[in-house]
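Single-structure report; data block below.
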Amino acid sequence: MKTCHFEEKIDDLLAGSLEAEAAEALENHLVTCTTCFARWEEASAMVQVLSQASAPEPPPNLLADFQSELTKALASEDDKSPLWPNIQNRARSIFWPGNTTYRVLQAAALLIFGVFIGRQFLAPVPEVVGPPVPAALNQNISTEEIESVQRFFNEAEMLIIQVMNLSYPDAIETEEIEFTQSIAQDMLVRSQTMQEEALELNDMAMLKLLHRMDVLLYEVANLSGEDMPDMLPFIQKMIRDMNIVAEIRLILEETREAIKPFSI
Amino acid sequence: MNSDAEQIILEAKAGDKRAFNMLVTQHQKRVLYLAYDLLGDWDEAKDVAQEVFVKAYQKLDTFEERSRFSTWIYRITTNLCIDIQRKRKRNRTEPIEKSGPDGKLNLNQKLSEPPKIEALLENTQLRRQLEEALTQLSINQKTAISLRYFQEFSTTEIAETMGCSENTVRIHIFRGIKKLKTILGNIQIS
């Protein structure tokens, strides 16, 4: 079993015998250390009380009522569904008709189209001598895609600066928090797309950075007003500990290099 | 996930009603108790549980097998309960104060008269008292504490269910317990 040298202080924390500064430091450590948290749970009287308080027995007919109501609700769902199979069948009949001749024609057309596209866009590009393409962006990706990565990380940097400047309760009064949350929510969605692209390109460094960004974006997107006094300092500390800004700036530097016009 | 469970889910996804009913049977009790733990009312818990399984039925095709079905269904339950709690908080204008003949505890009195654990454990109202005290916490704190100590979820499971990091879960639990101690007073375990 893992041990932590802070563990022995937990009893003092629970007994209230630590000085305020030491108690605060230990509390901050506790929520990030699984060993100390487990030890604290074991020793906390309130946790013991909660663990012993089992739920009261449900009313006798509750389960039977639930089952009969659910059966009715699911049956009414089935009544609604005939439309969906119809749509599916119709779509299937357009894209996958039963007629074999038609299928063969469709496959041939698709093949010709594929060859055409291949000749247009995948023709060998004459080698140009320019600056080395950075490691994180060393794939055959277009300038537009690099610009989209650049936009994402520019916004990420701005969001982080904004979160670092948030303070409670001003952020709630000025509705700044809602604005920040909406940006974080939007970025979470875009991050998913970027992760898929990074996976396709096998860019593990980018994928790892996006995963770390996600943790941060989740926290910001779910920051509620009532938890803000506790959560905001935690998120700000997390940003400092993650040292994520340095990584973002590095990526931004790389993107700028990658789309910089070659000098003659 | 074991192969039997996977097979049932695949069959349910393919439209097999019998398989879906098996999933309901497997999870109904846990969903009901989870909803009760988060809402403190069996009738509401029953309605939520029904909504959970109807939603699961409608969205089963979006369920990805890489996550556990139980985690998915508990996440739906938790989200629905959080929505209900938010609505309740918005509608509540006065602080909860219950005491007297119904046997419920006056939380304001509790601050000055901390109960002893022996008395609390003998008291059949322990759970009710805790539920009352839990309503004073933030929704996230209450959810994390209920999942951890009433439902015995691990921190990882709570993080998956609530869609946040494990550190955040620990913060919610730690701050929530601290607040509960202030509300209920210094309980001593013998």
Side-chain angles (χ1 to χ4, degrees), chain A residues 14 16 27-28 30-34 36-38 40-41 43-59 62-63 65-67 69-78 80-81 85 214-216 218-219 221-231 233-235 237-238, chain B residues 17 20-21 24-25 28-29 32-33 36-37 42-43 45-47 49-51 53-54 57-58 86 89 117 120-121 124 126-131 137-141 145-146 148-150 152 155 162-175 177-178 180-181 184 186-189:
Chain A
L14 285 164
E27 285 177 5
N28 288 338
L30 194 71
V31 294
T32 56
C33 173
T34 49
C36 287
F37 190 78
W40 168 80
E41 280 189 313
S44 165
M46 187 56 72
V47 167
Q48 304 308 314
V49 172
L50 282 161
S51 306
Q52 288 172 56
S54 53
E57 282 297 308
L62 187 95
L63 199 60
D65 289 350
F66 159 74
Q67 282 165 340
E69 282 170 28
L70 181 64
T71 310
K72 277 183 210 156
L74 291 179
S76 88
E77 281 303 309
D78 286 340
K80 285 183 209 161
S81 45
D214 268 8
V215 176
L216 184 63
Y218 261 120
E219 302 297 356
N222 290 316
L223 193 58
S224 72
E226 53 184 357
D227 290 321
M228 214 170 149
D230 293 331
M231 290 306 298
F234 165 71
I235 293 174
K237 184 177 178 295
M238 193 165 100
Chain B
K17 273 187 163 182
F20 186 78
N21 284 338
V24 173
T25 312
Q28 60 186 9
K29 221 168 166 187
L32 271 165
Y33 273 81
Y36 175 81
D37 283 338
W42 282 115
D43 280 334
K46 187 185 72 179
D47 293 344
Q50 187 182 313
E51 205 177 330
F53 286 108
V54 170
Y57 188 67
Q58 291 167 336
R86 281 201 182 120
K89 283 217 169 186
I117 185 67
L120 275 178
L121 288 174
T124 51
L126 167 64
R127 171 70 184 222
R128 176 61 65 188
Q129 291 165 0
L130 286 171
E131 279 168 14
L137 308 186
S138 79
I139 292 167
N140 284 332
Q141 288 168 348
I145 288 176
S146 301
R148 180 81 185 106
Y149 304 116
F150 296 159
E152 295 174 0
T155 317
M162 291 179 72
C164 60
S165 70
E166 289 183 35
N167 282 351
T168 305
V169 170
R170 284 191 282 267
I171 288 183
H172 289 321
I173 292 175
F174 185 75
R175 301 284 181 212
I177 295 280
K178 241 180 131 177
L180 273 183
K181 272 171 94 173
L184 292 166
N186 290 319
I187 294 171
Q188 308 277 318
I189 278 195

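In what follows, every chain begins at residue 1, and chains take the letters A, B, ... in the order their sequences are listed. The figures here come from the full heavy-atom set of this structure, side chains too, leaving out hydrogens, waters and symmetry mates.
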Problem set entry | Counterpart residues, ring pair (Phe, Tyr, Trp, His ring centres under 6.0 Å), relative to Phe234(A) (two or more places apart) | none
Contacting region of [X] [heavy-atom separation from chain A under 4.5 Å]:
{"X": "Tyr36(B)", "answer": "side chain"}
{"X": "Leu32(B)", "answer": "side chain"}
{"X": "Phe174(B)", "answer": "both"}
{"X": "Val169(B)", "answer": "neither"}
{"X": "Asn167(B)", "answer": "both"}
{"X": "Ile139(B)", "answer": "both"}

Quick check on [X] against chain B: is it the side chain, the backbone, both or neither that has a heavy atom closer than 4.5 Å?
{"X": "Asn28(A)", "answer": "side chain"}
{"X": "Leu216(A)", "answer": "neither"}
{"X": "Glu219(A)", "answer": "side chain"}
{"X": "Phe66(A)", "answer": "both"}

For this session: Indicate the atoms forming the closest heavy-atom contact of Lys178(B) with Glu27(A), along with that distance.
Result: NZ-OE2, 2.9 Å
Problem set entry | Partner residues of Tyr57(B) under the side chain to side chain contact (heavy atoms under 4.5 Å, CB included) criterion, sequence neighbours left out | Leu74(A), Glu77(A), Asp78(A), Lys17(B), Phe20(B)
Problem set entry | pair Val49(A)-Leu180(B): side-chain heavy atoms closer than 4.5 Å | no
Problem set entry | Sub-4.5 Å side-chain heavy-atom contact between Val31(A) and Thr168(B) | no
